[in-house]
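One structure is given below, encoded as structure tokens.
In this chain, numbering begins with 1 at the start of the sequence shown. In this text the structure is predicted, and so the values were computed from the model without any measurement.
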Amino acid sequence: MVRVGLIGFGMAGQAFHAPVIRGVHRMELACILERHGSKAKEKYPDVRVARTLDELFSDKTIALCVIATANDSHFSLAKACLEAGRHVVVDKPFTPTMAEAEQLVRLAADRKLLITVFQDRRWDGDFQTVKQLVKSGAMGAIVEYEARYDRFRPQPRPNVWRERPGFPAAGVLWDLGPHLIDQALVLFGEPETVWATAFRQRQASTMDDSFDVHMEYPYLRTTLRARILAYGLSHHFLIHGLEGSFVKYGMDPQEEILRSEQPPAGLDWGADWGEEPEALWGTLSRVDEPIRKVKTERGDYRGFYANVRDAIERGSALEVTPEQALRTMRGILLAHKSSREGRRVRWTEALE
């Protein structure tokens, strides 16, 4: 049994961590650090609530700490947890700077502890489907890959730290970029160049609320987009290869359910958890073959924590390795550099 201490009980802690941890066999949500308020105790009366890190650390049986706080505190909290002998999961983005991320990776290695970043979107059903299609060569050699996250939020949220100018790692490129960049790196590895633009669609926005990131490879371009003013339905994935194309509309259903008033509770999430309706399955078009629907793989964010559990208990390999976390950090920082300087940047060049 892996006992877990969850640090932070805002939106991320409430929706993406607490219910998922409690949904994994041989994992126990042992403590929630909520400095103020009573949401944790109201939601989980059987879980101990701490007000300070020292209170959480007083339970020596807690093996894993999960950092689900604002981005500016990721480094200091993760460092404290590692120094207290705990394995660590950090919500994305890892840290605001590469130096901080590299220091955490070195510290974990020195202490022989695990550190990883919460890349739950690898367990989206549609990404699992795309991963299988690319691996199987269903479209032939891929020449163009586009993935996008669209939202419709006409009004900024000035009290939300993600949209506050001057706040470390704020803006949508820091928020959604880690998902899209990580997925592209999983599929295709490191690119030769990055060309990006982070911009504002809403006149009242004080931070970037949309972006385009192009990661360029020999004979392949990946385009990663996020929009804040996209009301109409657009494709989520669009992939072209030498032997065919795949297009997929609609987002994985898990986030909407986890953020709802009735998220899953306990271990039994139902036999149809993560299943997508046929109407949202993607279509595969191959040269000289009829167009056909491709059933979306079943998504399950619990897979991330099940892997972390196995890594702690059995020494299994992490799915999201520290090296991959640093690679994704490089992609985010290079995208910001490209946007800031208005030019295409090489993957291997300095980040500053």
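- Ring to ring, Phe118 and Phe304 are close: their centroids are under 6.0 angstrom apart.
- Atom CD of Glu256 has 12 or fewer neighbouring heavy atoms from other residues, nucleotides or ligands inside a 6.0 Å radius.
- Residue pairs meeting the salt bridge (Lys or Arg N to Asp or Glu O under 4.0 Å) criterion with at least one member in residues 146-163, sequence neighbours excluded: Glu146-Arg148, Glu146-Arg225, Arg148-Asp150, Arg151-Asp175, Arg157-Glu163, Arg162-Asp175, Glu163-Arg202.
- Not less than 6.0 angstrom separates the ring centroid of His17 from the ring centroid of Phe9.
- Listed by first and then second residue, the ring pair (Phe, Tyr, Trp, His ring centres under 6.0 Å) pairs involving residues 45-92 amount to none (not counting sequence neighbours).
- Arg26 contributes atom CZ, which lies 4.0 Å from atom CZ of Arg309 (distance to the nearest 0.5 angstrom).
- A cation-pi geometry, defined here as NZ or CZ lying under 6.0 Å from the six-membered ring centre and within 45° of its normal, holds between Arg121 and Tyr149.
- Applying the 6.0 Å contact sphere to CZ of Phe152 captures more than 12 heavy atoms from other residues, nucleotides or ligands.
- For His240, the ring pair (Phe, Tyr, Trp, His ring centres under 6.0 Å) test picks out no residue, with sequence neighbours left out.
- The side-chain heavy atoms of Phe188 and Met215, taken from C-beta on, include no pair separated by under 4.5 Å.
- At a threshold of 4.5 Å between non-hydrogen side-chain atoms, the residues Leu185 and Pro191 count as touching.
- Between Glu102 and Met329 the shortest side-chain heavy-atom distance does not fall below 4.5 Å.
- Contact of the Cys31 side chain with the Val49 side chain is not registered, since no non-hydrogen atoms from C-beta on lie closer than 4.5 Å.
- The closest donor-acceptor contact from the side chain of Asn159 to the backbone of Arg164 lies at 3.5 Å or more, if one exists at all.
- Contact record, Leu82 with Leu113: O-CD1, 3.4 Å, taken as the closest heavy-atom pair.
- Using modelled atom types, one finds no donor on one side chain facing an acceptor on the other under 3.5 Å when comparing Glu297 with Thr129.
- Among all heavy-atom pairs drawn from Leu53 and Leu33, the shortest one is N-CD1, 3.6 Å.
- Remark: side-chain polar atoms of Lys248 are paired, donor with acceptor, to backbone N or O of Gly250 under 3.5 angstrom.
- The two residues Thr69 and Gly8 come nearest to each other via the heavy atoms CG2-CA, 3.9 Å.
- Judged by distance alone, the side chain of Arg22 and the main-chain N or O of Leu267 form no donor-acceptor pair under 3.5 Å.
- Of all heavy-atom pairs between Asn71 and Pro168, the closest is CB-O, 3.8 Å.
- Of all heavy-atom pairs spanning Val66 and Val4, the tightest one is CG2-CG1, 3.7 Å.
- Aromatic ring centroids of Tyr301 and Trp123 lie 6.0 Å or more apart.
- Between the Arg48 side chain and the Ala30 main chain, no donor and acceptor come within less than 3.5 Å of each other.
- The shortest heavy-atom contact between Lys293 and Glu278 is NZ-O, 3.5 Å.
- Centroid-to-centroid, the aromatic rings of Phe237 and Phe246 stay 6.0 Å apart or farther.
- Taking the charged nitrogens against the carboxylate oxygens, Arg3 and Asp59 do have a contact shorter than 4.0 Å, which makes a salt bridge.
- A donor-acceptor distance shorter than 3.5 angstrom exists from the side chain of Arg86 to the backbone of Ile62, with no hydrogens or angles considered.
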